[in-house]
Amino acid sequence: MKKSQKIGGSVANYVDERTGAAKWVKKNLNKVFPDHWSFMLGEICLYSFIILLLSGTFLTFWFDPSQRDVVYNGAYAPLSGVSMSAAYASTLHISFDVRGGLLMRQIHHWAALIFMVAIVVHLFRVFFTGAFRKPREFNWLIGIGLLTFGIVEGFLGYSLPDDLLSGTGIRIAEAILQAIPVVGSYLAFFAFGGPFPGTAFIPRIYMVHILLLPGLFLALITIHLMLVWYQKHTQYPGPGRTEKNVVGYPLMPVYMAKAGGFFFIVFGVTAFLGAVASINPIWLYGPYTPGQISAGSQPDWYMGWLDGLVRMSPPLETHAFGHTISWNILLPGLILPGILFTGMALYPFIESWISGDKREHHLLDRPRNAPNRTALGAMSIAFMIISLANGGNDVIATHFHLTINGIMWFTRFGLFIVPPIVFLITKRICLSLQRADRDLVLHGRETGRLVMMPNGEMIEVHEQISDAKKWTLTQHQSADALPAPLPESAKLGIKGKLRARMNQANAVQVPAATVTEFKELGEGHH
Amino acid sequence: MSNQIERFEDPGLPEHIHRNADADPLAEKRAEKQVAILFLLSALGTVLTIASYIFMKSDQYVYFPVMGSTNVQQLFIGLGLTLATLCIGLGAIQWAKKLMPDQEVIAERHEFRSEEVDREELVATFHDRAGQAGIGRRPLIKRTLGLAVGLVGLSPLVLLRDTGPLPGKFFETTNWAAGTRLVLDPAGTPIKPEDLEVGAVAQVLPELPAGTPRTLENIGKDAVLLIRLRPEDFNLDPERLSWTYQGIIAFSKICTHMGCAVALYEQQTHHLLCPCHQSTFDVTRAAKVIFGPAARPLPQLALMVNADGYLTAKQPFSVPVGPSFWERNSANG
């Protein structure tokens with residue numbers, strides 16, 4: 001036995017005698033993970049979170065979360081002698097005087113953007129493939145929690161440097177607090193320790209940004225992953241893949257190497273962006289003062305849709321009995337996002353209520369096979385894109401020589417008109433794709449080879465697709481995959497009628513091809 | 001159509017196709033080398049990072065197209081780190097893809113639902129234990145416990161009270177009073193009407209008594225924008241017209257929507273635009289909202305000229321400045 005093996009053996013023995021871990025580890029080295037590119041999206045979230053923890057820790061060594069006044073005299077000459085907050089001065093110090101400091105700041109900011117993009121795209125994947133269905137509803141809820149906290153964490157993070165741009169963002173946050181009926185002015189004064197901007201806010205959100213929310217993330221991510229581990233990953237349908245099994249590569253060595261390697265790739269890409277792509281150059285904005293502002297003030301993208309909704313809001317305020325209620329802030333800033341996020345969180349339960357489907361699902365849906373769900377998702381994306389576009393209306397206007405007013409009016413109407421159109425189009429596309437699948441199974445693949453028949457007729461030769469492919473394209477409607485029909489009852493209430501209507505809409509599907517039909521067509525040759 | 005519809009069947013896992021490196025020892029050797037080279041590149045990246053950190057100058061900038069002016073040391077530390085991490089990742093994945101077994105394996109899933117007998121036993125045990133505690137039989141304990149637990153949550157709320165003072169009249173007041181001189185921001189010098197040409201804009205603040213510091217909290221309420229138009233451009237009622245002076249009109253610079261600085265003045269159209277949410281105000285019509293989400297005009301400051309010829313406020317703002325709040329009485333705008 002080699003010396004290294006001997007040492008490894010005695011360490012393992014030491015640990016096992018105290019924890020009994022051998023059995024669990026032995027079992028889990030064989031744990032099977034299905035392989036698909038879209039399963040990497042969640043991994044990107046996890047890895048960019050780790051990058052955020054590492055780069056963020058680095059930044060805390062120099063960042064001074066204080067709003068006391070200092071006079072800057074560091075390496076950045078244009079701001080030399082300018083009075084500013086210690087938070088802004090220390091951010092300048094990190095950017096210009098700490099070797100690798102600017103790099104880490106940029107890595108941190110890029111990692112935050114990647115974290116949020118990965119969360120949102122991961123959410124799309126989970127939604128469109130129906131991975132949220134029983135038994136994974138808890139993980140869906142945790143995911144919505146992570147998304148929500150991620151938005152807040154990102155906002156607090158880019159607010160910390162206390163530059164002119166981020167200070168404007170905080171000003172807006174204060175206005176939202178202030179707009180809350182009855183308690184608004186009090187909330188604002190408590191949050192800011194008095195009048196805005198005060199000296200309390202940056203130290204407070206610093207604590208939330210580096211301790212409270214990261215701790216919460218860590219807890220939620222741990223539960224999220226433990227559930228993935230325990231429930232085993234979902235898999236795409238295909239030959240050999242069933243609701244009862246999981247097909248893929250064992251944890252050791254393949255999945256370890258791939259997942260571990262992928263962490264370093266995400267790190268490498270983030271480091272590259274941090275090295276070459278300037279992000280949030282706070283020294284160009286100057287220190288915050290409430291009397292000034294820079295044109296083209298933009299939040300980061302994950303806040304941009306909210307900002308877009310606020311921008312397109314009509315000028316509505318209620319003035320009555322000596323009080324003011326700002327609907328132009330409350331509606332787009334709190335009420336609408338609240339409804340959207342609640343709806344998103346409840347979606348798995350709503351879908352299962354409509355379909356009456358209470359079975360476990362481990363095989364993913366191909367999005368085309370759930371046309372209403374896919375159309376709803378596309379509709380939501382359209383809603384977000386329109387809001388986001390309006391969040392950048394000033395930038396779009398200057399780049400494309402349009403008027404801000406024109407974009408604003410377009411998005412005000414578009415927000416209500418475009419999503420339903422997107423819903424209808426997506427649904428039609430899904431059904432057409434179902435039809436295409438059916439044709440492919442029954443008639444085979446177009447080969448492009450033209451043959452002239454003895455009678456002069458020209459035909460294109462079709463080639464049968466493989467049995468594996470036929471199965472993939474037809475498995476979704478195997479006998480037990482259809483939801484149970486609703487009980488027929490004359491006395492359905494409004495809720496019942498609504499449910500029945502939606503259930504009927506879900507039943508609109510192109511039937512999957514069957515062997516019977518295939519045979520009737522003469523083995524697909526014609 | 002018969003009732004017996006025959007469906008396609010699962011053909012099962014496809015046969016494993018061997019890769020080049022599985023069969024050809026040369027290909028295997030090649031893959032091994034590729035992985036090793038990637039790991040070596042990573043080591044080189046770390047050397048680059050350390051060397052850039054130690055030997056490069058911190059204050060050297062180079063201009064690159066697209067990237068702009070770039071700090072060379074930060075760039076090379078970053079590129080070294082990129083190489084170091086990316087190549088570990090690429091090496092590990094190449095290793096997994098080319099040399100580790102690529103045959104998919106099947107594992108069975110287990111049902112999550114517990115066995116019926118376990119579930120029944122749990123319910124029985126639970127009821128038994130609850131019975132031992134007697135929570136159902138002792139409503140007095142149940143209710144008082146509810147009260148106690150409900151109340152204990154109040155303490156943190158009360159303890160948070162000292163996070164800030166009460167707002168009082170803060171949102172309703174500014175430092176502008178009758179006779180307050182307008183001073184330029186940030187110079188702090190008073191201003192005469194003739195200092196401002198037609199079409200010009202200036203940001204002003206109220207002159208504070210000597211020794212009073214100018215805080216950001218004050219600027220956030222006091223900032224005023226001074227604009228000079230030709231008097232015939234105004235379209236104001238007589239009262240508001242009397243608040244202007246020789247074509248000079250003053251508005252609070254704090255947006256009535258969400259408090260941003262309304263800083264963009266369009267000289268030709270006499271429009272003021274808030275860069276945050278594009279609320280647009282018409283200067284000639286007392287900053288009436290003509291577009292965007294703001295619901296109220298920017299408050300106008302009444303101007304006059306004092307005995308020394310300096311611009312001063314005739315009276316405080318007639319309405320609170322800035323965004324809405326619950327206590328705001330908006331009956332008069």
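- For the atom pair CD (B:Q278) and CE (A:M312), the distance works out to 11.5 Å, reported to the nearest 0.5 Å.
- Interface check for chain B: of the options A:P195, A:A75, A:A257, the most heavy-atom pairs under 4.5 Å are formed by A:P195.
- A side-chain donor-acceptor contact under 3.5 Å links A:R171 to the backbone of B:G259.
- Heavy-atom pairs under 4.5 Å with chain B peak, among A:A275, A:A175, A:G322, at A:G322.
- For A:L177, no part lies under 4.5 angstrom from a heavy atom of chain B.
- For A:F189 and B:F171, the distance between ring centers is under 6.0 angstrom.
- In this structure, no portion of A:V183 lies under 4.5 Å from any heavy atom of chain B.
- For chain A, the nearby part of B:Q73 is the side chain; its heavy atoms alone come within less than 4.5 Å.
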Stepwise side-chain contact (heavy atoms from CB on, under 4.5 Å) check, B:E9 with A:D467: CA-CA 8 Å; B:E9 271 169 28; A:D467 286 347; over 6 Å; no
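- B:L225 does not touch chain A: none of its heavy atoms, backbone or side chain, sits under 4.5 Å away.
- With a 4.5 Å cut-off on non-hydrogen atoms, A:L103 touches chain B through its backbone and its side chain both.
- Contact count against chain B (heavy-atom pairs under 4.5 Å) is highest for A:D307 among A:I180, A:I107, A:D307.
- Of the atoms belonging to A:S294, it is backbone heavy atoms, and not side-chain ones, that fall under 4.5 Å from chain B.
- Cation-pi geometry between A:R412 and B:F291 is satisfied (NZ or CZ under 6.0 Å from the ring centre, within 45° of the ring normal).
- When B:T70, B:T82, B:L75, B:V66 are each tested for a side-chain contact (heavy atoms from CB on, under 4.5 Å) with A:V276, only one passes: B:L75.
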Verdict with reasoning, A:R241 to B:L13, per side-chain contact (heavy atoms from CB on, under 4.5 Å): CA-CA 8 Å; A:R241 284 141 171 88; B:L13 266 194; 3.5 Å; yes
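- In terms of heavy-atom pairs under 4.5 angstrom with chain A, the leader among B:T85, B:L81, B:I77 is B:T85.
- Heavy atoms closer than 4.5 Å to chain A are found in the backbone of B:A294, but not in its side chain.
- Using a 4.5 Å cut-off between heavy atoms, A:S278 does not touch chain B at all.
- Most heavy-atom pairs under 4.5 Å with chain A, from the set B:G78, B:A295, B:A331, B:A223: that is B:A295.
- The distance from the CD1 atom of B:I219 to the OG1 atom of A:T289 is 4.0 Å, given to the nearest 0.5 Å.
- Note that CG of B:N329 is 12.0 Å distant from CZ of A:F321, once rounded to the nearest 0.5 Å.
- Both the backbone and the side chain of B:Y53 come within contact range of chain A, each with at least one heavy atom under 4.5 Å from a heavy atom of that chain.
- No part of B:L38 comes within reach of chain A, as not one of its non-hydrogen atoms sits under 4.5 angstrom from that chain.
- Between B:S324 and A:Q178 there is no side-chain heavy-atom pair separated by less than 4.5 Å.
- The structure places CD1 of A:I172 at 4.0 Å from SG of B:C276, a figure rounded to the nearest 0.5 Å.
- Remark: B:E108 does not engage A:K244 in a salt bridge, criterion side-chain N to carboxylate O under 4.0 Å.
- Checked against the 6.0 Å centroid criterion, the rings of A:H323 and B:F325 do not qualify as a close aromatic pair.
- Judged purely by atom type and a 3.5 angstrom limit, B:R109 uses its side chain to pair as donor or acceptor with the backbone of A:N245.
- Note: A:V182 leads A:D69, A:V182, A:N390 in heavy-atom pairs under 4.5 Å with chain B.
- In this structure, A:V310 and B:H257 have side chains that are in contact, with non-hydrogen atoms separated by less than 4.5 Å.
- Heavy-atom distances place no part of B:Q94 under 4.5 Å from chain A, backbone and side chain included.
- Listed options B:P293, B:P275, B:A92 were ranked by heavy-atom pairs under 4.5 angstrom with chain A; first place goes to B:P293.
- Looking only at distances, a side-chain donor or acceptor of B:E217 sits under 3.5 Å from a matching main-chain atom of A:G198.
- Counting heavy-atom pairs closer than 4.5 Å to chain B, the top-ranked of the candidates A:Q106, A:Q231, A:Q292, A:K258 is A:Q231.
- Contacts between A:Y230 and chain B at a heavy-atom distance below 4.5 Å involve backbone atoms as well as side-chain atoms.
- Panel note: side chain B:T163, backbone A:A191; no donor-acceptor pair is recorded below 3.5 Å.
- A distance of 4.5 Å separates CZ in A:F190 from CZ in B:R161, rounded to the nearest 0.5 Å.
- Neither the backbone nor the side chain of A:Q298 comes within contact range of chain B; no heavy atom of the residue lies under 4.5 Å from a heavy atom of that chain.
- For the set B:K221, B:E111, B:K253, the entry with the most heavy-atom pairs within less than 4.5 Å of chain A is B:K253.
- Contact of A:S95 with chain B is made through the backbone alone, with heavy-atom distances under 4.5 Å.
- Proximity to chain B (any heavy atom under 4.5 Å) is restricted, for A:R204, to the side chain, taken from C-beta onward.
- With a 4.5 angstrom heavy-atom cutoff, B:V289 does not touch chain A via any of its atoms.
- Comparing A:N405, A:I176, A:I404 by heavy-atom pairs within less than 4.5 Å of chain B, the highest count is held by A:N405.
- Only the side chain of B:L264 comes within contact range of chain A, judged by heavy atoms closer than 4.5 Å.
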Test side-chain contact (heavy atoms from CB on, under 4.5 Å) applied to B:F8 and A:V441, step by step: CA-CA 10 Å; B:F8 286 98; A:V441 173; 3.4 Å; yes
side-chain contact (heavy atoms from CB on, under 4.5 Å) between B:W326 and A:Y186, worked out: CA-CA 10 Å; B:W326 171 252; A:Y186 292 85; over 6 Å; no
Candidate pair B:E6 and A:K519, rule salt bridge (charged side-chain N to carboxylate O under 4.0 Å, His left out), full reasoning: CA-CA 10 Å; B:E6 195 187 342; A:K519 281 182 179 153; 2.8 Å; yes
